[in-house]
Amino acid sequence: MADSAFKKIQIQRDDTTFDAYVVGKDDAPGIVVIQEWWGVEVEIKNHAIKISQLDPGFKALIPDLYRGKVGLDAAEAKHLMDGLDWPGAIKDISASVNRLKANGSKKVGVTGMCMGGALAIASSVLIPEVDAAVGFYGTPSSELADPAQAKAPIQAHFGELDHIVGFSDVKTAKNLEEKLKASGVAHEVHIYPGNGHAFLNRSPEGVSRRKSLGDSDDDEAAVGLAWSRFNSWMKHYLA
């Protein structure tokens, strides 16, 4: 079970406390790993374990932005994401970054997928303590954060066949790239030919869920390339 790899902790911010899940070496650079719209479930935990094992080793922390709720189907997940207090989520991420910095991680990055990808990019704009960000197939709304105001280096990944207009389609990816140029921060935007949304999700549940949502691509080479780029970026900015 993936769960046994994690230490569950509580993080306090303002007048709320939330659960977070930590895996990896104590004194390693930290990475806050932000959930997809499903919540904290098997796929995001798999990603966090993978991140903790990348060279040179990272300490990964998943904050539970939904406070224990998990979407079992797309309608439920959409309902949870629509109900999310996005500025509150940024506060959760900020508290998570600071928790890592207070516990042995000299530098801390933020990453996330889908909803989490949008929040990772927003974190570069809104959380001064973030040292690097990597977002997968998600961009923040202009109300939440303007990537042209990014302060930490950003790497972003998108699938060429992603059809979520205004959030993670190719036009939105190109628009993000223009904004990042304007920000002046170091940045990379990668688009993966023949891949759809959530192409990193490789667990049996993740694959069947993606197929049910119309994404049937199966491209291990793209997955490997994305993780390799992620690793190089985080190693460069957090080591």
Side-chain angles (χ1 to χ4, degrees), residues 13-14 16 18 31-39 44 63 65-66 71 74-75 77-98 108-192 195-200 213 215 226 229-230 233 237:
R13 65 119 178 128
D14 303 334
T16 180
F18 59 92
I31 298 180
V32 177
V33 183
I34 311 168
Q35 67 199 52
E36 297 180 286
W37 69 343
W38 307 105
I44 203 69
L65 305 183
Y66 287 169
K78 182 177 188 311
H79 178 72
L80 285 167
M81 183 169 98
D82 288 347
L84 181 68
D85 166 13
W86 289 73
I90 291 289
K91 288 183 180 176
D92 288 355
I93 296 160
S94 177
S96 301
V97 169
N98 289 323
V108 175
V110 177
T111 191
M113 294 78 186
C114 172
M115 178 182 98
L119 284 163
I121 290 167
S123 296
S124 164
V125 179
L126 300 169
I127 304 172
E129 296 79 13
V130 170
D131 295 298
V134 178
F136 292 92
Y137 29 80
T139 54
S141 71
S142 53
E143 296 83 45
L144 181 65
D146 176 4
Q149 307 293 320
K151 308 199 177 45
I154 292 179
Q155 185 186 69
H157 304 260
F158 298 90
E160 176 198 33
L161 305 180
D162 194 323
H163 298 308
I164 307 182
V165 174
F167 183 71
S168 51
D169 61 321
V170 168
K171 188 177 172 199
T172 305
K174 302 270 196 214
N175 185 33
L176 172 68
E177 191 166 28
E178 289 309 309
K179 288 189 172 264
L180 293 178
K181 279 181 191 156
S183 77
V185 298
H187 63 276
E188 294 175 2
V189 176
H190 299 290
I191 295 169
Y192 295 80
N195 282 268
H197 190 72
F199 65 85
L200 283 191
L213 295 172
D215 288 308
R229 286 167 166 165
F230 170 93
W233 192 259
Y237 288 106

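Remember, predicted model here, so these are calculated numbers, not experimental data.
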Practice task
Could you walk me through whether F18 and S96 pass side-chain contact (heavy atoms from CB on, under 4.5 Å), step by step?
Solution key: CA-CA 10 Å; F18 59 92; S96 301; 3.8 Å; yes
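- Interatomic distance, I44 CD1 to T111 OG1, rounded to the nearest 0.5 Å: 8.0 Å.
- Taking 4.5 Å as the limit, every side-chain heavy atom of P147 sits out of range of all side-chain heavy atoms of T139.
- Listed here is the closest heavy atom pair of L180 and A150: CD2-CB, 4.2 Å.
- Between the D14 side chain and the T16 main chain, no donor and acceptor come within less than 3.5 Å of each other.
- Between G138 and S168, the shortest heavy-atom contact is N-CB, 4.0 Å.
- For the atom pair NE2 (H190) and CZ (F158), the distance works out to 11.0 Å, reported to the nearest 0.5 Å.
- Atoms CD and CE, on E36 and M113 in that order, are 7.5 Å from each other to the nearest 0.5 Å.
- When only modelled atom types and interatomic distance are considered, D169 and T172 share a side-chain donor-acceptor pair under 3.5 Å.
- The minimum heavy-atom distance linking A133 with A120 is given by the pair CB-O, 3.6 Å.
- Scanning all heavy atoms of the two residues, the minimum distance from L84 to A89 falls at CD2-CB, 4.1 Å.
- Note on E177 versus K174: no salt bridge recorded, every NZ/NE/NH1/NH2 to OD/OE distance being 4.0 Å or above.
- The CH2 atom of W86 sits 9.0 Å away from atom CG of L65, with the distance rounded to the nearest 0.5 Å.
- In this structure, F230 and L200 have side chains that are not in contact, with every pair of non-hydrogen atoms separated by 4.5 Å or more.
- Side-chain N or O atoms of K151 include none that pairs as donor or acceptor with a backbone N or O of S124 at under 3.5 Å.
- If you take CD1 on I90 and CD1 on I127, they are separated by 5.0 Å, rounding to the nearest 0.5 Å.
- Checked by atom type and distance alone, the side chain of S183 never pairs as donor or acceptor with a backbone atom of Q149 at under 3.5 Å.
- For the pair K181/H187, a side-chain contact is recorded, criterion being any heavy-atom separation below 4.5 Å from C-beta on.
- Scanning both residues, W37 and M81, for their nearest heavy atoms gives CB-SD, 3.7 Å.
- Aromatic ring orientation, H157 versus Y192: parallel (interplanar angle below 30°, classes split at 30° and 60°).
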Practice task
List the steps and the verdict of side-chain contact (heavy atoms from CB on, under 4.5 Å) for I191 and D162.
Solution key: CA-CA 10 Å; I191 295 169; D162 194 323; over 6 Å; no
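- Between V189 and I154 the shortest side-chain heavy-atom distance does not fall below 4.5 Å.
- For K91, the NZ atom counts as loosely surrounded, since its 6.0 Å shell holds 12 or fewer non-hydrogen atoms of other residues, nucleotides or ligands.
- A pairwise comparison of heavy atoms in A95 and R13 identifies CB-CB, 3.8 Å as the closest pair.
- Here E143 contributes atom CD and D146 contributes atom CG; the two are 11.0 Å apart, rounded to the nearest 0.5 Å.
- Side-chain N or O atoms of N98 include one that pairs as donor or acceptor with a backbone N or O of S94 at under 3.5 Å.
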Exercise for the section: Would you please test Q35 and M115 for side-chain contact (heavy atoms from CB on, under 4.5 Å) and show each step? Expected result: CA-CA 7 Å; Q35 67 199 52; M115 178 182 98; 3.7 Å; yes
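- Under a 3.5 Å cut-off, the side chain of E129 and the backbone N or O of V97 do not form any donor-acceptor pair.
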